[in-house]
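Chain identifiers are assigned alphabetically (A, B, ...) following the order of the sequence lines, protein sequences preceding nucleic acid strands; residue numbering begins at 1 within each chain. Because only heavy atoms are used, hydrogens play no part in the values below, and waters and symmetry mates are left out as well, while side chains stay in.
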Protein chains: 2
Amino acid sequence: MSISSRFAVAIHILALLDINKEGRNTSEFIAGSVNTNPVVIRRVIGLLGKVGLVHTSPGVGGASLARPPREINLLEVYRAVQNDPPGELFAAHDKPNPKCLVGRNIQETLDTVFKRAESAMEKELAKVTLDQIVFDLVRADR
Amino acid sequence: MSISSRFAVAIHILALLDINKEGRNTSEFIAGSVNTNPVVIRRVIGLLGKVGLVHTSPGVGGASLARPPREINLLEVYRAVQNDPPGELFAAHDKPNPKCLVGRNIQETLDTVFKRAESAMEKELAKVTLDQIVFDLVRADR
DNA sequence: ATAATTGTAACTACAATGGTTACAGGTGAT
DNA sequence: ATCACCTGTAACCATTGTAGTTACAATTAT
C-alpha cells in the first residue's frame with residue numbers, strides 16, 4: 001500500500017500556514033483548501049504540533065508555523081505523520097522457519113537492504129524544505 | 001502503511017528456488033520455509049511468473065527461476081508484487097481546492113518531490129541482485 | 001488410473017484510513 | 001459575564017488492502 005495521504009495533507013497545511021500567515025488559519029478554512037473534513041485537519045495539525053512544527057492555541061485559535069519554513073524539511077513532516085516507526089517502510093514476513101537456511105537468515109539479510117532503500121528515500125525528503133515547496137507552489141501558479 | 005510483506009516473501013521464495021534448485025519446490029515445501037499457507041505462496045509465485053521471473057508448471061509442478069540469479073534485481077521483484085503502480089508510493093490527497101493558490105498547485109509540486117524520493121528508493125533496490133541476497137544469506141549462516 | 005500439485009475462487013478476520021457527528025472546554029470580543 | 005467561535009478528542013462508520021484458510025477443477029508424472 002502507498003504511504004498515507006496524511007503526508008501530502010500535512011505539507012499542504014504547512015504551505016498554507018506560511019502563505020497565509022497573516023490570516024486566521026482555522027481548521028475549517030484549511031479544510032476548505034485541502035477539501036476534506038475539519039476534523040481530519042485537526043488530527044494532522046495535532047501530529048505536527050506534537051513534534052513542534054506548528055503552534056496551535058485552543059479556543060479561538062488557528063495554527064501557525066513554529067519555525068521558519070526554511071528550517072522545516074519534509075523528512076520531519078514525514079516522520080511526524082507516519083504511523084510506522086522509522087525502519088519499517090518494508091514489512092518483513094514473520095517467523096520464517098529457523099530450520100531452513102533461508103528462513104533462518106532472510107530477515108537479517110533483508111533488513112540491511114530495506115534499511116538502505118528506506119534511507120535513500122528519506123534522504124531525498126530531507127533535502128527539501130518547506131521554503132522550496134512554497135517557492136515552487138507560487139512559481140507554478142504563474 | 002508499510003509496503004506489503006509480499007515483497008519479503010517473494011525474495012524469500014526466489015532465494016529458496018535458487019538454493020534448492022535441485023529439489024522439487026512445491027508451494028507446500030516453500031510454505032514450510034516461509035511459514036505460511038501454500039496458497040499465499042502460489043499467489044506470489046503467480047505474480048512472479050507473470051513478469052517472467054519464474055517458471056511454473058501446473059499439475060505436479062514446482063517452480064524454478066526463469067533467469068540466473070545474477071540477472072534478477074530486487075526492483076523487478078518489487079514491481080512484480082506491488083499493487084500500486086510505479087510513481088504512487090506516496091498517496092496524494094485528491095481534489096484540493098482549485099480556488100486556492102496552494103490547492104491549485106500542490107499536487108504538481110508534490111509530484112516532483114515524491115517521484116524523486118520514490119526513485120531514490122527504487123535505485124537502491126535495483127542495485128541488489130538475487131545473487132547477492134543468496135550470498136549474504138549463506139554467509140550469515142556461518 | 002492414481003496421487004500429487006497447481007491455479008483460482010470464495011470466504012474470513014483484521015488493521016489502517018479517511019470521513020463524519022458530537023461535545024466538552026478554552027478564548028477573545030463585546 | 002456572556003456569547004459566538006474554535007480546538008481537541010472520542011466514537012462510529014464505510015472502505016480498502018492484506019493474509020490466512022478451505023475447496024475444487026484442471027493438469028501432470030508415474
Any N/O pairs under 3.5 Å between the protein and nucleotides 18-22 of chain C? List them or say none.
unit_1	atom_1	unit_2	atom_2	d
C:dG18	OP1	A:Ser4	OG	3.4
C:dG18	OP1	A:Ser5	N	3.0
C:dG18	OP1	A:Ser5	OG	2.6
C:dG18	OP2	A:Ser4	OG	3.1
C:dG19	OP2	A:Thr36	OG1	2.6
C:dG19	N7	A:Arg43	NH2	2.7
C:dT20	OP2	A:Asn37	ND2	3.4
C:dT20	O4	A:Arg43	NH1	3.4

Ignoring hydrogens and angles, tell me if any N or O in the side chain of A:Asn73 forms a donor-acceptor pair with the backbone of A:Glu76 under 3.5 Å. yes
Surrounding CZ of B:Arg70 (heavy atoms of other residues, nucleotides or ligands, distance under 6.0 Å), is the total greater than 12?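 Atom CZ in B:Arg70 is not packed in, count stays at 12 or less.
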Determine: side-chain N/O of [X] to OP1/OP2 of [N], distance under 4.0 Å, yes or no.
X       : N      : value
B:Arg24 : C:dT5  : yes
A:Ser27 : D:dT7  : yes
A:Asn83 : C:dT17 : yes

Contacts of type side-chain contact (heavy atoms from CB on, under 4.5 Å), residue A:Glu124, not counting sequence neighbours: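 In terms of side-chain contact (heavy atoms from CB on, under 4.5 Å), with neighbours along the sequence ignored, A:Glu124 is linked to A:Lys127, B:Arg116, B:Ala117, B:Ala120.
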Between [atom2] on [N] and [atom1] on [X], what's the gap in Å once rounded to a whole number?
X       : N      : atom1 : atom2 : value
B:Asn25 : C:dT5  : CG    : C1'   : 13 Å
B:Ile45 : D:dA19 : CD1   : P     : 15 Å
B:Leu47 : C:dT6  : CG    : C1'   : 15 Å

Measure from the side-chain heavy atoms of A:Met1 and tell me the nearest of C:dT5, D:dT18, D:dT7.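 Looking only at side-chain atoms, A:Met1 lies closest to D:dT18.
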CE-CG distance between A:Met121 and B:Leu125, expressed to the nearest 0.5 angstrom: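 Between A:Met121 CE and B:Leu125 CG, I get 11.5 Å after rounding to 0.5 Å.
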Going only through I, L, V, M, F, W and Y residues with side-chain contacts under 4.5 Å, is there a path from A:Phe135 to A:Val138? no
